[in-house]
Amino acid sequence: MTQSPKIITRFAPSPSGDLHLGHAYSAKLNYDFARDNGGEFILRIEDIDHLRCKAEHEQSIYDDLEWLGLKWPLPVRRQSEHFDDYAAALSTLETQGLLYPCFCSRKDIKAEIAESTRAPHLRPKLGPEGIIYPGICRPLSADERAEKIASGIPHAMRLDMEKALSLVSDPLYWTDLKTGEQLADPAMLGDVVLARKDFPTSYHLSVVIDDHLQNISHVIRGQDLYYASHFHRLLQYLLGLNTLSYDHHALLTTKDGNRLAKRDKSITIKSIRESGARAEDLDALIKDYL
Ligand code: GLU
């Protein structure tokens, strides 16, 4: 499929805490890439998780990015205002018979995994986010599903990965700006949750829909999401969307090799700007963690 001719990048933080140096690095890479290529930089607020996202953190994001000297078009897309778009995508997948309800609690999944470790032929498969879902709810009949739903047991919606892959006739590729064409390998994630029990979408679904609706051409994000690009390529295929180019940057780490965390106040942009530092000093600071 053809790519959007205009270069559009985005920075898409979740307002679940204050941004830190790693976020500033990511935002600046996106901003500079767009600026250097005559493109556009977009800010998106990924706030689907109403329990973790807070208005005060969203305000901090705007203040931090402004202090960094970044500019972005208004209005900013806030995912919590677009659940309809995600519902429409879910319904497209549902019509293709690719979704199933999953009633499992974390405890159920843990117990199933513990059980299967005892049987060598059923050894659980390891994916990039840990052991993949062992498929407990996949074989439920339509009646069993309807009964559980009617009795009010909360459920997530999962993609049936095997069924989804059976619809892919030719191998899927996506472009990594550093390493070139990548053969998409979404199976490593298993039956991904596309709508959660507590809200009717997921990171993976919303991000793919928004990148499409906002005509993003280049996604520049951390190396920790490299695996996600494999899966996002599959979702684009199933939903009939164009694919994009991706770049995965190094993650900032402390001297002991730990990733920066939002809870570490000393490296938040807010604390850095409130200490009287200048935005120009940030590049030198970022280098200390690269
Ligand atoms: N909201 C996601 C995060 O903060 C964005 C990930 C992405 O860029 O796709 O990690």
Side-chain angles (χ1 to χ4, degrees), residues 7-37 39-82 177-178 203 206-207 210-211 214 216 218-226 228-229 246-290:
I7 295 210
I8 307 183
T9 62
R10 78 335 185 245
F11 177 56
S14 296
S16 56
D18 289 330
L19 299 186
H20 56 55
L21 279 174
H23 295 106
Y25 179 55
S26 196
K28 280 157 72 70
L29 285 176
N30 277 284
Y31 191 82
D32 293 351
F33 187 84
R35 186 199 54 207
D36 296 349
N37 291 286
E40 189 177 6
F41 166 83
I42 280 179
L43 172 66
R44 178 166 77 227
I45 299 292
E46 302 214 323
D47 59 348
I48 49 175
D49 188 341
H50 55 96
L51 294 175
R52 295 179 59 229
C53 295
K54 303 226 157 41
E56 74 213 55
H57 296 312
E58 185 174 330
Q59 188 54 50
S60 263
I61 290 174
Y62 300 136
D63 296 344
D64 290 347
L65 298 182
E66 236 170 72
W67 178 77
L68 282 170
L70 310 193
K71 294 188 178 18
W72 55 90
L74 297 174
V76 167
R77 183 174 171 97
R78 301 171 73 238
Q79 290 188 324
S80 58
E81 292 165 358
H82 297 278
L177 291 186
K178 286 196 195 75
Y203 156 67
S206 321
V207 92
D210 288 352
D211 285 342
Q214 297 193 289
I216 303 300
H218 291 73
V219 166
I220 303 171
R221 59 186 170 198
Q223 189 62 39
D224 55 331
L225 288 167
Y226 180 83
S229 302
Y246 292 88
D247 191 23
H248 302 92
H249 59 74
L251 297 178
L252 271 58
T253 51
T254 61
K255 297 270 176 285
D256 336 321
N258 293 322
R259 275 169 56 179
L260 304 192
K262 283 178 173 172
R263 62 179 176 279
D264 182 354
K265 295 288 166 233
S266 66
I267 41 85
T268 64
I269 312 303
K270 190 175 181 183
S271 66
I272 294 170
R273 66 179 159 80
E274 285 177 355
S275 74
R278 295 170 316 154
E280 301 85 88
D281 302 331
L282 219 67
D283 285 345
L285 214 50
I286 287 171
K287 276 206 188 95
D288 280 349
Y289 292 91
L290 269 174

Practice item. Apply side chain to side chain contact (heavy atoms under 4.5 Å, CB included) to F41 and R35, showing your working. Key: CA-CA 8 Å; F41 166 83; R35 186 199 54 207; over 6 Å; no
Review point. Quick one: side-chain contact (heavy atoms from CB on, under 4.5 Å) partners of S16, sequence neighbours excluded?
Key: S14, R52, K262
Revision key, fill the gap. A279 meets the side-chain contact (heavy atoms from CB on, under 4.5 Å) criterion, sequence neighbours left out, with W67
Does a side-chain N-to-carboxylate-O contact under 4.0 Å join [X] and [Y]?
X	Y	answer
D47	K54	no
R78	E58	yes
K255	D288	no
K270	D64	no

To the nearest 0.5 Å, what is the distance between [atom1] on [X] and [atom2] on [Y]?
X	Y	atom1	atom2	result
I61	Q59	CD1	CD	10.0 Å
L282	K287	CG	NZ	11.0 Å
E66	L43	CD	CG	10.5 Å
I220	L225	CD1	CG	13.5 Å
L19	S60	CG	OG	7.5 Å
L251	R221	CG	CZ	12.5 Å

Exercise for review: Any chance you could lay out the side chain to side chain contact (heavy atoms under 4.5 Å, CB included) test for L21 and I272, step after step, and finish with the verdict?
Suggested key: CA-CA 9 Å; L21 279 174; I272 294 170; 3.7 Å; yes
Strictly distance-based, threshold 3.5 Å: is any side-chain N or O of [X] a donor or acceptor partner for the main-chain N or O of [Y]?
X	Y	result
D264	L260	no
D256	N258	no
N37	A34	no

Practice item. Give a yes or no on whether K178 atom NZ has more than 12 heavy-atom contacts from other residues, nucleotides or ligands under 6.0 Å away. Key: yes
Contact check, side chains of [X] and [Y], non-hydrogen atoms, under 4.5 Å:
X	Y	result
D36	Y31	no
Y203	D49	no
E46	V207	yes
W72	I42	no
D224	R259	yes
I45	Y62	yes

Check your understanding: Is there a donor in the side chain of H248 and an acceptor in the side chain of S229, or the other way round, less than 3.5 Å apart?
Key -> yes
Review point. With distance as the sole criterion, is a donor-acceptor pair present between the side chains of R77 and Q214 under 3.5 Å?
Key: no
Practice item. Let me know which of N30, D211, D210 forms a side-chain hydrogen bond (donor to acceptor under 3.5 Å, both in side chains) with R10. Key: D211
Exercise for review: Check step by step if salt bridge (charged side-chain N to carboxylate O under 4.0 Å, His left out) holds for D283 and K28.
Suggested key: CA-CA 10 Å; D283 285 345; K28 280 157 72 70; 3.3 Å; yes
Review point. Going by the angle between their ring planes, with limits at 30° and 60°, are H23 and H20 parallel, tilted or perpendicular?
Key: tilted
Point to revise | Parallel, tilted or perpendicular: ring planes of F33 versus H218, cut at 30 and 60 degrees | key: tilted
Practice item. Apply side chain to side chain contact (heavy atoms under 4.5 Å, CB included) to the pair T9 and L29, showing each step before the final yes or no. Key: CA-CA 9 Å; T9 62; L29 285 176; over 6 Å; no
Point to revise | Residues which pass side-chain hydrogen bond (donor to acceptor under 3.5 Å, both in side chains) with T253, listed by chain and number, not counting sequence neighbours | key: none
Exercise for review: Please step through side chain to side chain contact (heavy atoms under 4.5 Å, CB included) for the pair I286 and L252, ending with a clear verdict.
Suggested key: CA-CA 8 Å; I286 287 171; L252 271 58; 4.0 Å; yes
